[in-house]
Amino acid sequence: MVATAGSLEMRSVTKRYSVDGSPLVALDDVSLAVEPGEFLAIVGASGCGKSTILRLFAGLDAKHDGAVLHDGAPIVGPSLQRGLVFQEPRLFPWLPVERNVLAALRNSHLDAHARRSAVRDHIALVGLQGFERAYPHQLSGGMAQRVAIARGLVNRPDVLLLDEPLGALDALTRAHLQDELQRIWVRERTTMVLVTHDVDEAVYLADRVVVMSPRPGRIRDIVPVTLPRPRDRGDEALLRLRAHLLRTLAGTPQHAGLALHRAA
Ligand SMILES: Nc1ncnc2c1ncn2[C@@H]1O[C@H](COP(=O)(O)OP(=O)(O)O)[C@@H](O)[C@H]1O
Ligand SMILES: [Mg+2]
């Protein structure tokens, strides 16, 4: 299936915040196009504007210069066509898993029957069958994040925006959920924009990796990853790309330590 919807674009976007009365340029003339069905990763130091990019694509912040577009139309507010997943799962603690996913359908045009089956399908998609009635406190961090992914996808959005969704998980759970994300993407071909501070995660999952630099937030480079899927974490070409990305990040002074550490 070739995806036809789900393109995102920024044209010369500048985003300024005011901090204690002085201006802060979070994004400086950023232009970026995401293809329908593409898996795009964004990496960069803390504070370089990664979350700001996702917030603008999500339609959570309309105050910016330049154009932000979804399938060519200006993004003016949140839309069911753009799902969101954050680092913390943000579940309702008093609702079981199935009701947490159902809650995301409150603005859906689906009738009650179709809602129930959408919830069931998406709980299965993230591998949580049998946990429909479990409460958030009964879930591991990885399971809770699966619920958040099911919730992000249950409206069948064209685009899923993920802001460091696996950043709070232990390394093994993270690797496992990376495989799950890849499987879901291969099956659904939803456009994915993944913000991560993990270069390994970015090269493992993405079609292209956007490298950002901070103060002001700018795109330093965009690195294509053309390796076929499923990918092998130990693949030599993948490791070369990873080294290249780390060197690109190291172009920023505050990453020199990271680069030395990796080289040691
Ligand atoms: N609501 C806000 N008010 C003021 N400054 C903000 C706000 N949100 C983000 N910033 C600033 O904008 C810059 C980019 O932030 P952010 O996009 O969250 O970076 P990242 O996600 O890459 O860590 C940072 O310097 C941050 O402090
Ligand atoms: Mg962030």
Side-chain angles (χ1 to χ4, degrees), residues 8-34 39-70 75-78 82-90 141 144-145 148-149 151-152 159-169 174 177-178 181 191-203 205-206 208-223 245-259:
L8 295 172
E9 192 178 350
M10 286 195 169
R11 285 190 200 146
S12 304
V13 168
T14 294
K15 171 68 195 174
R16 294 181 190 85
Y17 290 109
S18 167
V19 179
D20 289 336
S22 47
L24 183 150
V25 183
L27 295 177
D28 182 28
D29 194 21
V30 167
S31 293
L32 174 65
V34 191
F39 199 133
L40 186 91
I42 304 177
V43 299
S46 177
C48 67
K50 305 182 295 297
S51 294
T52 301
I53 288 185
L54 280 204
R55 287 174 56 77
L56 294 182
F57 277 147
L60 295 174
D61 190 343
K63 274 180 66 185
H64 56 80
D65 294 344
V68 184
L69 310 167
H70 179 172
I75 292 172
V76 292
R82 295 184 298 274
L84 268 170
V85 180
F86 301 96
Q87 181 164 344
E88 334 77 61
R90 303 189 183 189
Q145 211 46 319
I149 293 167
R151 198 181 42 189
V159 176
L160 189 63
L161 304 166
L162 305 124
D163 197 352
E164 307 202 26
L166 313 182
L169 304 174
R174 188 157 70 225
L177 273 186
Q178 286 164 0
L181 260 186
T191 306
M192 301 234 184
V193 183
L194 170 74
V195 165
T196 176
H197 54 253
D198 182 345
V199 168
D200 293 346
E201 179 168 295
V203 286
L205 290 173
R208 288 187 300 155
V209 181
V210 176
V211 182
M212 296 193 60
S213 56
R215 280 174 291 279
R218 286 186 183 145
I219 292 179
R220 176 177 292 259
D221 198 6
I222 300 183
V223 179
L245 279 167
L246 286 168
R247 276 195 301 275
T248 308
L249 279 168
T252 347
Q254 51 269 58
H255 270 92
L258 175 65

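The residues of the chain are indexed from 1 along the displayed sequence. Any value given below was found using the heavy atoms of this structure, including those in side chains, with hydrogens, waters and symmetry copies removed. Ligands are counted one by one from 1 in listed order, and the atoms in each one are counted from 1 as well.
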*Hey, is the Mg ion (ligand 2) within less than 2.8 Å of some N/O/S atom on Ser46?*
no

What protein heavy atom sits nearest [atom], and how far away is it?
| atom | answer |
| --- | --- |
| atom 9 (C) of ligand 1 | Tyr17 CE1, 3.4 Å |
| atom 19 (O) of ligand 1 | Gly49 N, 3.3 Å |
| atom 18 (O) of ligand 1 | Ser51 CB, 3.6 Å |
| atom 24 (C) of ligand 1 | Gly47 O, 3.7 Å |

*Do Phe57 and His70 have side-chain heavy atoms sitting under 4.5 Å apart?*
no

*Give yes if a backbone or side-chain nitrogen or oxygen of Lys50 is under 3.5 Å from a nitrogen or oxygen of ligand 1, and no if not.*
yes

*Hey, is ligand 1 close enough to Ala26 that some N/O pair sits below 3.5 Å?*
no

I'd like to check which ligand 1 atoms, numbered from 1 as shown, lie under 4.0 Å from a non-hydrogen atom of [X].
| X | answer |
| --- | --- |
| Thr52 | 14 (C), 15 (O), 16 (P), 17 (O) |
| Val19 | 4 (C), 5 (N) |
| Leu24 | 11 (C), 12 (O), 13 (C), 25 (O) |

Any side-chain to backbone donor/acceptor pair from [X] onto [Y]? Under 3.5 Å, distance only.
| X | Y | value |
| --- | --- | --- |
| Glu201 | Gln178 | no |
| Lys15 | Lys63 | yes |
| Arg11 | Leu69 | no |
| Gln87 | Leu162 | no |
| Arg174 | Leu169 | yes |

_Rounded distance (nearest 0.5 Å) linking atom CG of Leu166 with atom CG of Leu194_ = 7.0 Å

_Under 4.0 Å, counting heavy atoms only: does Gly217 come that close to any atom of ligand 1?_
no

_Under 4.0 Å, counting heavy atoms only: does Gly44 come that close to any atom of ligand 1?_
no

*asked:* Which residue in the set Leu27, Val68, Leu40 passes side chain to side chain contact (heavy atoms under 4.5 Å, CB included) when paired with Leu32?
replied: Leu40

_Any protein heavy atom < 4.0 Å from atom 1 (N) of ligand 1_ = yes

*Heavy-atom protein neighbour under 4.0 angstrom from atom 4 (C) of ligand 1*: yes

*asked:* One thing to verify: whether Arg16 and Asp65 come together as a salt bridge, which I'm taking to mean a side-chain N less than 4.0 angstrom from a carboxylate O.
replied: yes

